[in-house]
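Here is the structure we will look at.
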Protein chains: 2
Amino acid sequence: MDKPKRVSSKDVAREAGVSQATVSYVLNNVKGVSIKPETREAVLLAARKLNYHPNLIARSMRLKKSMSIGVVSDKNVSNLLFMTILQGVKDALMPRNYSITLCLSKSYDIENSEHIKYYSSNRIDGILFVYADIPDEHLAYLVDNGIPFVMIHSDMKDDMANVVKTDMTNAMDNALRYLRGKGVERVTYLNSGSGDKWDRRYHEYTRAIERMDSPFAESNILTVPRGEEKVEETVYNFLSSMGSMPGAMFCDTTGLAFRVLREAARLGIKIPSELSVIAIGTSRFSSLAYPSLSAIEAPLYEMGRTGAEMLLDIMNNSVSNSVVVLEWEFNRRESC
Amino acid sequence: MDKPKRVSSKDVAREAGVSQATVSYVLNNVKGVSIKPETREAVLLAARKLNYHPNLIARSMRLKKSMSIGVVSDKNVSNLLFMTILQGVKDALMPRNYSITLCLSKSYDIENSEHIKYYSSNRIDGILFVYADIPDEHLAYLVDNGIPFVMIHSDMKDDMANVVKTDMTNAMDNALRYLRGKGVERVTYLNSGSGDKWDRRYHEYTRAIERMDSPFAESNILTVPRGEEKVEETVYNFLSSMGSMPGAMFCDTTGLAFRVLREAARLGIKIPSELSVIAIGTSRFSSLAYPSLSAIEAPLYEMGRTGAEMLLDIMNNSVSNSVVVLEWEFNRRESC
DNA sequence: CTGAAAGCGCTAACAT
DNA sequence: ATGTTAGCGCTTTCAG
């Protein structure tokens with residue numbers, strides 16, 4: 001199978017009867033250089049006629065930029081999260097002509113992790129960490145070596161630089177205010193796990209409750225035990241002993257919210273008229289469920305887009321140490 | 001932020017007191033060229049001392065290969081599938097020093113789809129389609145232009161070239177034989193969907209039943225209606241009216257199998273002693289469930305690995321038109 | 001066994 | 001307004 005001979009800018013130049021430099025000027029719209037309209041046309045025509053595609057590798061070499069960024073993520077991130085963020089990343093990169101190189105192996109030994117090797121060998125110009133847990137030494141290494149990077153994470157522990165963080169206070173307030181406005185008197189928070197992610201959600205919720213101008217008659221925390229059957233039992237018992245006071249449930253994950261929806265259905269509890277359900281988190285099924293699930297969700301697409309844009313800025317202008325905070329959203333659907 | 005000055009092979013050459021060519025010979029282990037051991041050592045030492053990393057872009061330019069392949073997939077692939085396949089792809093690429101470039105936008109207009117643009121501009125050397133539905137014109141374009149590609153798909157319709165396909169006959173036979181050996185007399189296939197994927201699974205199952213040397217006393221198909229509640233009701237009714245004959249259920253998706261597990265638990269049906277459950281498909285939760293779910297699964301990792309290897313072969317040796325068929329596996333766990 | 005030199009395709013001073 | 005030219009960092013004949 002013969003490789004079809006590649007046409008180079010030289011070929012275009014010859015075809016158009018100009019020099020290679022002119023071709024470059026025209027095709028890159030170099031500013032500060034003015035080209036006679038007819039020359040420009042000739043070049044454009046020749047390029048189209050020959051089906052010319054600039055050799056990105058050669059360009060990269062000359063510019064000393066690979067025009068690609070490395071995206072590294074942990075294996076355990078869920079598809080929807082990752083894909084949605086990637087979509088944002090792509091949309092930020094595309095207009096600037098950058099591509100995405102996947103880095104899948106994070107070695108414990110920093111210098112051997114894929115993203116560092118790729119950076120060292122000029123394969124990528126910067127690194128975007130997506131929901132990746134990176135040891136502190138790795139971060140120090142990046143900083144020490146002036147390697148451009150940005151971290152995207154909705155549940156960051158400490159204060160760091162070069163980070164896309166998120167804030168859920170407004171979304172929480174909106175959700176609670178909505179419930180309040182509907183006349184809900186009793187709200188229960190279902191706490192199903194422990195760990196950074198859950199602790200944060202729980203914390204945010206309790207703070208939001210404290211901020212309420214006109215408080216609920218009741219605000220409880222229900223901690224759900226581990227184990228399929230236990231969860232079901234706990235939820236079932238809680239729902240069946242629920243009085244007639246208009247109530248709402250806040251679930252710390254979408255999975256738990258689906259359980260609540262299920263058990264409520266079994267018990268004949270009408271949603272949302274008798275019970276409002278709100279989840280924290282994103283799921284592919286939230287809007288497909290019946291009733292569709294209201295949720296407080298991280299702005300995944302925007303996180304990807306913003307993170308990628310930050311990274312591009314850092315790479316090009318050497319701006320650094322910036323932190324962007326994006327707001328979670330309260331997406332009301334049928335369940336409340 | 002200053003870019004730390006990059007060291008080039010020239011620097012290494014100077015440090016080692018040899019020529020650039022020698023550095024290249026040593027570092028690439030060029031065969032057909034013999035190097036005096038002490039020279040080799042000197043070069044290696046100098047490279048390590050200066051922390052030299054070859055500039056991949058320059059290398060690519062010289063070799064006219066980008067050393068990256070494009071992976072394109074549809075947005076809707078589920079996490080485990082895609083990530084597992086990618087792992088296999090990565091493991092195949094890594095030792096050959098190829099990287100993965102993600103191509104996320106498949107335009108209807110072929111020439112504008114990311115993977116084609118990337119190929120045309122030398123960003124990638126070949127294309128790997130992962131569970132992607134590609135229109136026939138796109139394929140024709142690839143073939144016409146001699147663009148190396150491979151398609152990975154576990155449910156291919158027609159016969160095509162450059163494909164990693166799968167075969168589930170053996171896995172099906174193994175599963176059925178296992179049930180038979182256990183003394184199962186009645187087996188029911190739960191059919192929950194329609195479309196290529198489901199049709200294929202259903203078809204494979206019925207053919208496997210026909211192949212059985214010693215048939216089951218009963219073999220039924222139960223078609224499950226759409227809708228959360230309907231599914232539950234159907235499954236529940238079926239299970240509760242189940243006689244005492246040792247039975248087994250084949251579920252066309254893992255989701256459906258989980259439902260069966262649930263309802264059986266509610267009804268106090270012991271698994272696997274009173275009922276065996278086998279799913280078709282892969283889920284992150286199969287081995288986590290209790291009892292863990294037996295399943296017939298596509299060899300995802302191998303599909304990725306094999307696909308990538310095929311692609312590398314096609315790219316390097318211009319071998320073409322090969323088809324590899326990988327076997328699904330019957331993974332027996334606790335549920336049968 | 002090793003070195004000198006050409007050149008991959010592109011861009012950007014510097015000339016004209 | 002456009003052409004000339006010198007590299008970017010690497011590999012690889014071809015000479016020694």
Considering only distance and modelled atom types, tabulate donor-acceptor pairs under 3.5 Å from the side chains of residues 27-38 of chain B, sequence neighbours left out.
{"from": "B/N28", "atom 1": "ND2", "to": "B/S24", "atom 2": "O", "distance (Å)": "3.2"}
{"from": "B/N28", "atom 1": "ND2", "to": "B/S24", "atom 2": "OG", "distance (Å)": "3.4"}
{"from": "B/N29", "atom 1": "OD1", "to": "B/R40", "atom 2": "NH2", "distance (Å)": "3.1"}

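- The side chain of A/S8 places no N or O atom within less than 4.0 Å of a non-bridging phosphate oxygen (OP1 or OP2) of C/dG9.
- Under the 3.5 Å distance criterion, the side-chain polar atoms of A/Q20 are left unmatched by any main-chain donor or acceptor of A/A13.
- Looking at A/S66 and A/N122, their side chains never bring a donor and an acceptor atom within 3.5 Å of each other.
- Dashed line: the shortest gap from a side-chain N or O of A/S24 to OP1 or OP2 of C/dC10 is not under 4.0 Å.
- Across C/dG9, C/dA4, D/dG3, the shortest atom-to-atom separation from the side chain of A/T22 is found for D/dG3.
- A straight line from CD1 of B/I57 to P of D/dC10 spans 12 Å, rounded to a whole angstrom.
- The side chain of A/R59 lies closest to C/dC10, out of D/dT12, C/dC10, D/dC10.
- For DNA chain C, the neighbouring residues in residues 25-43 of chain A, judged by any heavy atom under 4.0 Å, are A/Y25, A/N28.
- A donor atom on one side chain and an acceptor atom on the other are found under 3.5 Å apart for A/S68 and A/T101.
- Side-chain proximity of B/L63 to C/dC10, C/dG9, D/dT12: nearest is D/dT12.
- The interatomic distance linking B/N122 (CG) with C/dC8 (C1') rounds to 11 Å, in whole Å.
- Atom CD of B/Q20 and atom P of C/dG7 are 16 Å apart (whole Å).
- Note on B/S9: every side-chain N or O is 4.0 Å or more away from OP1 and OP2 of D/dG9.
- Applying the salt bridge (Lys or Arg N to Asp or Glu O under 4.0 Å) rule to A/K49 yields the partners A/E15; only residues at least two apart in sequence or on another chain are considered.
- Residue A/K64 places at least one side-chain N or O under 4.0 Å from the OP1 or OP2 atom of D/dG9.
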